[in-house]
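Supplied in structure tokens, the structure appears directly below.
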Amino acid sequence: MLGLSKLFDSNDKQLSAIRPLVDKINALEKDFEQLSQEDILQKTSQWKEELGKMEDPKKVKYLDEILPEAYALVREAAKRVLKQRIFDTQILAGIALHQGKIAEQKTGEGKTLTATMPLYLNSLTGRGVHLITPNDYLARHGAGWMGPVYNYLGTSVGTIVEEKAFLYDSSFENVQFEDEYARHLREVTRQEVYKCDVTYGTNHEYGFDYLRDNMSYSLDQMVQTNPR
């Protein structure tokens, strides 16, 4: 019992350390409601440009500094395009993920929406961020469902599934999927998707692409080619 008590105490301490960040994000909400989409796109471009000039150790610190603004921006985008407001508990989980911790959420508690915050923040480095799902359906569904949020933020997103790859394109109508959230997924090459800011896929697809790349005879045959 003592061991369990220490474990729960540790979780409480970590959550207490994160809560001030949630307060900062909430304090920005009213101001961010006044931003136009052009203002939001400008913030994304500005952060990408500033991070592009930094060395890796400075990037980590900078991401922590802009986290409240970036998460508040994702919340605002989700409110506008999905009509869903990200809850404080989801923000707590999103901060924990950015910090390299494990965040457990039950079915229906909004894991897909939670992930958009750390994915967006870390994609600003320009190196590409990968989300791993258990199966192809969830990879396709996640990219298609959250695609409008990323699109509103000026962030590219795609998905790698078995034998195919898709890019979220708001101007494209895909009739091959029954899933309504996948209707804006346009088929492209795997290489194009790996160059996206955010990529959804399964562990076996990422793993086999990595192995195939290591057996390639030339760079143009490789698919995981994000150079940054």
Side-chain angles (χ1 to χ4, degrees), residues 56 60 63 74 78 82 90 93-151 153 155-170 172-228:
D56 285 349
V60 175
L63 288 178
V74 176
L82 299 181
Q90 292 171 303
I95 294 171
L97 290 173
H98 169 68
Q99 294 177 347
K101 300 180 175 72
I102 295 173
E104 182 179 2
Q105 291 178 272
K106 296 178 182 178
T107 301
E109 289 185 342
K111 293 185 287 293
T112 305
L113 192 54
T114 293
T116 58
M117 293 175 287
L119 287 170
Y120 168 72
L121 175 63
N122 286 274
S123 75
L124 296 170
T125 62
R127 289 183 173 174
V129 182
H130 296 168
L131 181 140
I132 301 173
T133 68
N135 57 60
D136 288 340
Y137 170 79
L138 289 176
R140 189 176 65 242
H141 182 82
W145 184 16
M146 295 297 115
V149 177
Y150 295 118
N151 186 66
L153 293 163
T155 302
S156 59
V157 60
T159 180
I160 298 289
V161 295
E162 187 176 1
E163 298 182 357
K164 292 186 178 181
F166 298 90
L167 179 73
Y168 179 84
D169 183 347
S170 59
F172 179 77
E173 289 286 340
N174 193 334
V175 297
Q176 74 179 92
F177 297 125
E178 294 182 4
D179 182 0
E180 63 172 309
Y181 295 119
R183 68 182 183 275
H184 294 303
L185 294 180
R186 175 167 56 85
E187 189 170 354
V188 295
T189 66
R190 290 172 99 81
Q191 199 172 66
E192 286 179 81
V193 172
Y194 277 118
K195 289 180 179 178
C196 285
D197 296 313
V198 176
T199 303
Y200 285 70
T202 60
N203 58 346
H204 63 269
E205 290 298 323
Y206 291 138
F208 280 120
D209 281 342
Y210 175 81
L211 292 173
R212 283 190 287 263
D213 278 354
N214 277 273
M215 294 187 290
S216 297
Y217 291 103
S218 62
L219 290 175
D220 61 352
Q221 292 179 329
M222 299 175 67
V223 296
Q224 294 179 339
T225 55
N226 193 318
R228 296 166 291 180

Legend entry - Set of residues satisfying side-chain hydrogen bond (donor to acceptor under 3.5 Å, both in side chains) with respect to N122, sequence neighbours excluded: H98
Inset, instruction - Show the numbers, then the answer: is there a salt bridge (charged side-chain N to carboxylate O under 4.0 Å, His left out) between R190 and D209? - result: CA-CA 9 Å; R190 290 172 99 81; D209 281 342; 3.1 Å; yes
Inset, instruction - Would you name the heavy atoms of T199 and V193 that are closest together and state the gap between them? - result: OG1-O, 3.0 Å
Legend entry - Sidechain-backbone polar pair: N174 side chain, L185 backbone, donor-acceptor under 3.5 Å: yes
Inset, instruction - Apply side-chain contact (heavy atoms from CB on, under 4.5 Å) to Y206 and Y194, showing your working. - result: CA-CA 10 Å; Y206 291 138; Y194 277 118; 3.4 Å; yes
Inset, instruction - Mind listing the closest non-hydrogen atom pair of G94 and M117 along with its distance? - result: CA-CE, 4.4 Å
Legend entry - Any residue meeting side chain to side chain contact (heavy atoms under 4.5 Å, CB included) with A103, in chain and number order, not counting sequence neighbours: A93, A96, L97
Legend entry - Nearest-0.5 Å distance, CE of residue M146 to OG1 of residue T159: 13.5 Å
Inset, instruction - Answer yes if the ring centres of F166 and F172 are under 6.0 angstrom apart, and no otherwise. - result: no
Legend entry - Within 6.0 angstrom of I102 CD1, more than 12 heavy atoms from elsewhere: no
Legend entry - Inter-residue atom distance H204.NE2 - N135.CG, 0.5 Å rounding: 9.0 Å
Inset, instruction - Check whether the side chains of E192 and T189 place a donor and an acceptor atom closer than 3.5 Å, and report yes or no. - result: yes
Inset, instruction - Could you tell me if the ring centre of Y200 sits under 6.0 Å from that of H141? - result: no
Legend entry - OG on S170 to CZ on R183, rounded to 0.5 Å: 11.0 Å
Inset, instruction - Please tell me if the side chains of V223 and R212 come closer than 4.5 Å, counting only heavy atoms from C-beta onward. - result: no
Legend entry - side-chain contact (heavy atoms from CB on, under 4.5 Å) evaluation trace for Y150 with T116: CA-CA 8 Å; Y150 295 118; T116 58; 3.6 Å; yes
Inset, instruction - Taking all non-hydrogen atoms of both residues into account, name the closest pair between T133 and L131 and its distance. - result: CG2-CD2, 3.3 Å
Legend entry - Atom of Q99, atom of K101 and distance for their closest heavy-atom approach: OE1-NZ, 2.9 Å
Inset, instruction - Answer yes or no: is there a side-chain heavy-atom contact under 4.5 Å between Y137 and D179? - result: yes
Legend entry - Atom pair NE2/CG of H184 and D169 - distance to nearest 0.5 Å: 9.0 Å
Inset, instruction - Please name the pair of heavy atoms, one in E162 and one in E205, separated by the smallest distance, quoted to 0.1 Å. - result: CA-OE2, 3.4 Å
Inset, instruction - Give a yes or no answer on whether the side chain of R127 reaches the backbone of D197 with a donor-acceptor pair at less than 3.5 Å. - result: no
Legend entry - Distance (rounded to the nearest 0.5 Å) between R186 CZ and E173 CD: 13.0 Å
Inset, instruction - Measure across V149 and A78 and return the closest heavy-atom pair with its distance rounded to 0.1 Å. - result: CG2-CA, 4.2 Å
Inset, instruction - Could you tell me the separation between the CG atom of L113 and the CG atom of L82, rounded to the nearest 0.5 Å? - result: 6.5 Å
